[in-house]
Amino acid sequence: MINNKIGIGGAAVLLALSRIFTEASPLPGESTEYGMQRFTAVALSFITAFIAYLPLLLVLERTGGSSPLGAVASKSKLLSGFIGVIFSVYLFFCAAETGLRSYYYASGTVFDSAPASYFYVFVGAALLFAVHCGLEAVSRTGVIVSALFAALMLLIVFTLLREIRVDRLYPVLAEKPERLTADTVREFSRGSEYLIFAALCGNISGKRTKAVPVYLGVSCAAILLMTFLYNTVFGKLTSRLMFPFYTLSSISDTALLHRINGIDVIVWVMAGLLRLALFAFAFRAVVRDCFLSGKAADISAYVFGIAALTVSGLFTAYPVLYEPMKRICGSGIPLAASAMILPAAVFVCTVNRKAAA
Amino acid sequence: MLGKKLADNIVNIRSYMKNSSDLVIRYAKVCGIDVCVVSFDGQTDANKLANLVYRPLSELDEPGITPERLAAKISGELLIACDGKPVGTVAEAVSAAMNGFCVILTDGTETGYAVGVQGFEARSVTQPENHRNIRGAREGFVEALHVNMSLVRRRVKSNELVMHTMTVGKTSGTEVCVCSMDSANSGKLAENVIKRLENVPVSLVLESGFIQPFLEDKHPMFSEVGASERPDVFVSKLYEGRVGIIIDGSPFALYVPKLFTENFIMLDDYVEKPMFSLFIRLIRWIAFFVSILLPGFYTALANFHPELIPDALLRNLAAAESLTPYSVLTECVILDIFYEIMREAGLRLPSNVGHAVSIVGGIVIGDIVVSAGLVGAPMLLAIAIASISGYIVSDISNQVSFMRFALILAGGLSGLFGLTVISFVFCLSVCSAGSWGIPFTSPLAPFSLKSMRDTFIRRSWRELARTDPDIYNV
C-alpha cells in the first residue's frame with residue numbers, strides 16, 4: 001500500500017464529494033421534503049458544522065504537522081486509545097452506511113434485479129484496489145470524479161432551464177420552525193467527513209486548515225443548488241422521489257445523449273467508492289496513531305473495508321439491525337461529541353507538554 | 001594491464017577474445033620497432049584506417065627513436081586529427097576496438113592508443129515510421145548512437161545541453177547517452193537516471209525497451225517513460241526539464257518523466273493556429289474515451305438499460321440484433337478479438353500484405369458476417385469506430401485495447417454498474433502512476449490551472465514564450 005500525502009485542493013474535493021454523495025443517495029425514509037425550510041436547514045447545518053470544526057482547526061497548529069490523534073497518543077496512550085475506539089466504531093458505522101447507500105442507490109437505479117452479493121463483491125474488490133493504490137491515487141481520482149460531477153450539474157442546469165418554475169419558491173420564514181430544527185440536525189449529522197478530516201489531516205500537506213472552509217463552502221453551494229432544482233422542477237413531487245437527483249438527470253434531455261442518468265450513475269457509484277476508501281484510510285490513520293504501527297496498520301485498512309461491506313450486507317438483509325445505529329448517529333450527538341472530545345484532548349496534551357518543556 | 005612485451009599483449013588479447021574470427025591484428029615495423037594495430041572486422045572504415053593510421057605510420061622515419069618516444073609521437077603528433085584515447089588494459093583495448101576504434105600497440109610500452117575510425121554500416125536518417133507529422137522536420141532517429149547525438153546537438157547549439165555517455169549491459173556493452181538541459185531540477189533527475197542505468201542488471205541490451213522497465217515504476221499498465229523517434233520532439237522534452245536517454249542500436253529515444261496528457265499532444269499542434277490545436281486536441285480526447293467506452297457502453301445499454309437509449313435508435317438496434325443468433329456480449333467479444341487478430345496480423349506482415357489483410361478482414365469479412373446474420377451491423381459499427389479511434393492515441397494503443405476489452409466484459413455482465421466500477425479501477429490505476437516525483441495525471445489531477453495553457457488548449461506562441469516551460473511546475 002502506498003502511503004502518500006495529498007494537497008489541500010485534493011482533500012477539499014474529496015471531502016466535498018463525500019458530503020454531496022450523501023445528498024444524492026438518500027436511504028429509504030430519508031426522502032427530501034419540498035419546502036423552503038430546507039434552504040435554511042442546509043445553510044444552518046453548514047454553519048453549525050463550521051463551528052464544530054473550529055476547535056479542531058484552532059488546536060491543529062499545536063500538533064506541528066502531525067495528526068491530532070498522533071499528538072494525543074504521544075502524550076497519553078490511554079486517552080488516545082479511548083478516542084481511537086470511539087472514532088473506529090463511528091468510522092465503521094459510517095463506512096457500513098455508505099455501503100448501504102451505494103447499494104440502495106445502485107439497486108434503485110441501474111442494478112435493480114441483480115443479487116446484493118454480486119454488488120458487494122464488485123464494490124469490495126474495487127475498494128481493496130483503492131486501498132492498495134493509496135490516498136494520493138484516491139485523491140486524484142476524486143478530482144476527476146468531481147469534474148464529472150460539475151459537468152453533470154452544468155448539463156442538468158442548462159437542459160432543465162425551461163423546466164424551472166421559480167413560482168414554486170416562497171418566503172423562507174413562512175413555515176413552522178419545528179421541522180427546521182429536525183432538518184438542520186439531520187443535515188448536520190450527515191457530515192461525518194469531520195472524522196475523515198480529523199483522522200487524515202496528518203496526511204494533508206500545506207496549510208491544511210484551509211481545506212475545511214473550501215470543502216464546506218463547495219458542499220453547501222452544491223447542496224443548495226440541488227435543493228433549488230428539486231423545489232423548482234419537482235415542487236411537491238420531490239418527497240415522492242427516492243433519488244431526486246437521479247430523476248433530474250433522467251429528465252434532462254440533451255440532443256446527443258437523450259438523457260444523462262447514465263452519467264449520474266457513474267458519478268455516484270464512483271463517489272460512493274471514494275467515500276468508502278476515505279473511511280478505510282481514516283481508520284488506518286486512527287489505528288496507526290493509537291494502536292498499531294507499520295504493516296499491521298496497513299492491513300487493518302483492508303480488513304476494515306471487507307468488514308464494513310459485510311456489515312453493510314447484513315444491514316441490507318436485516319434493516320432492523322441498522323435502525324438503532326441510524327437513530328444514534330442521525331441525532332448528531334456522536335458527531336458533536338467527537339468534535340468536542342478530540343480538540344479538548346489535543347489541547348490538554350499540548351498544554352501539558354508545553355508546561356513540561 | 002597491458003605489458004611491455006607486444007607479443008604477450010597480443011596473446012592476452014587473443015585469449016581474452018577467445019580467438020574470435022572478427023578480431024583483426026595487423027603487424028608492422030615503424031622505425032624499427034614492432035607495432036600492431038588491433039581492430040574488429042566491419043567496425044572500422046577501411047579508407048579512414050588506411051589514410052589516417054596506416055599511411056602516417058608507414059611514412060614515419062626516425063631512426064633510433066625509443067618505444068616511449070614513438071608511442072608519444074603517435075598519440076601526440078601523428079594521429080592528432082583523429083578521435084583518440086589511451087588504453088591501459090586488455091579490456092579497455094578490446095572495448096575500444098569493439099566500438100569502432102583501432103588500437104595501436106607499441107612494443108616496449110605499457111599503454112596503447114585507440115584511434116576513432118568508426119565505419120560500420122548504418123541506416124541513413126529517414127522520416128520516422130510512427131510519429132509522422134504534417135509540418136516539421138522529416139528526420140527521425142536511426143540506430144547509430146553518434147548520429148542520433150548529432151541530430152540532437154544540431155537542434156540545441158548551446159552549452160546548456162549536457163550529454164553523458166555510459167555503457168549498459170554486461171554482455172552487449174551497449175552505449176547509452178543521457179541528455180539533459182542544464183538546470184537545477186533536470187540535473188538531479190539526470191543523476192537519478194544515471195544511477196538507475198548503472199544498476200540495470202540486463203546483460204544484453206538490444207533495444208530501448210530492455211532498459212525501460214528499470215526507469216519506470218512497477219505500474220501494471222502505464223509507463224512513465226516516453227519514447228520518441230523524432231529528434232525535434234526529444235529536444236522539446238529536454239527543454240521542458242526532462243531527461244532523455246539515447247540507446248545505441250535503437251531508433252527510439254526515451255525520456256522521463258512522461259505524463260498521461262502528453263499522449264494527446266502532437267508536434268503539429270504547435271505549428272497550427274491555437275484554435276485548431278484546441279479543436280484537434282479535444283477530438284483526440286473524445287476519440288480516446290470513445291475507443292475504450294463505446295463497445296462496453298453499447299453492450300451494457302443493450303443488455304441491461306435499453307431505457308437509456310433514445311426510442312428511435314432503440315427500435316433500429318432491436319431490429320438489427322433480433323436477426324443475430326448470439327447475445328450482444330458474445331457478438332461484441334468475438335468482434336473485438338477478431339479485430340485484435342487482424343491488427344496483430346497487419347502489424348507483423350510486410351506492409352503490402354498487411355494492407356491486403358486489412359481489406360479482406362475489414363471489408364470482406366465484416367460485410368459477410370453482417371449479411372450472413374452472424375453479428376448485427378450496429379455492433380460492427382461500434383467496434384469499428386472504437387478501433388479507429390484507438391489509433392489516434394497510438395502510444396497507448398495496447399492499454400486502450402485492454403481497457404476496451406475489460407469494459408466490454410464488465411458492461412455485458414453487469415451493466416452500467418459494472419462498467420462504472422471497472423472504470424473506477426482503471427481511473428485509480430492511472431492516478432496511482434508517477435515515479436519521478438510528478439503525478440502521471442498532472443496537470444489534470446492534481447489540477448493546475450496554470451498548466452492548462454498547454455494541455456487542452458494551446459495558447460499562442462506569444463504567450464507561451466513569456467515563460468520557460470518546466471515539467472516540475474505543471
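Convention: sequence-line order gives letters A, B, ...; per-chain numbering from 1.
In this structure, the portion of A/A106 lying under 4.5 Å from any heavy atom of chain B is its side chain and not its backbone. At a 4.5 Å heavy-atom cutoff, B/L301 makes no contact with chain A through either its backbone or its side chain. Within the 4.5 angstrom heavy-atom criterion, only side-chain atoms of A/Y118, from C-beta onward, approach chain B. Heavy-atom distances place no part of B/F304 under 4.5 Å from chain A, backbone and side chain included. Residue B/A300 does not touch chain A at all, counting heavy-atom pairs closer than 4.5 Å. In this structure, the portion of B/L444 lying under 4.5 Å from any heavy atom of chain A is its backbone and not its side chain.
Residue-environment remark: CZ (B/F279) stays at or below the threshold of 12 foreign heavy atoms within 6.0 Å. Within 6.0 Å of atom CZ in B/R284, more than 12 heavy atoms from other residues, nucleotides or ligands are found, so the atom counts as buried in its surroundings. For CZ of B/F456, the number of neighbouring non-hydrogen atoms (other residues, nucleotides, ligands) closer than 6.0 Å is greater than 12. Remark: B/F426 CZ is packed, more than 12 non-hydrogen atoms of other residues, nucleotides or ligands lying under 6.0 Å away.
Counting heavy-atom pairs under 4.5 Å between each of A/L273, A/V265, A/V143 and chain B puts A/L273 at the top. No other option in B/F440, B/F424, B/F447 has as many heavy-atom pairs under 4.5 Å with chain A as B/F424. Ranked by heavy-atom pairs under 4.5 Å with chain A, the first of B/C431, B/A433, B/S414, B/A445 is B/C431.
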Going through the checks in order, is the side chain to side chain contact (heavy atoms under 4.5 Å, CB included) test met by B/S423 and A/M270? CA-CA 9 Å; B/S423 302; A/M270 285 193 179; 3.7 Å; yes

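Taking all atoms of both residues into account, the shortest heavy-atom contact from B/L428 to A/A126 is CD1-O, 4.5 Å.
Separation of atoms SG (B/C427) and CD1 (A/I266) is listed at 11.0 Å; rounding is to 0.5 Å. One distance of note links CD1 of A/I263 with OG1 of B/T420; it measures 11.0 Å at 0.5 Å rounding.
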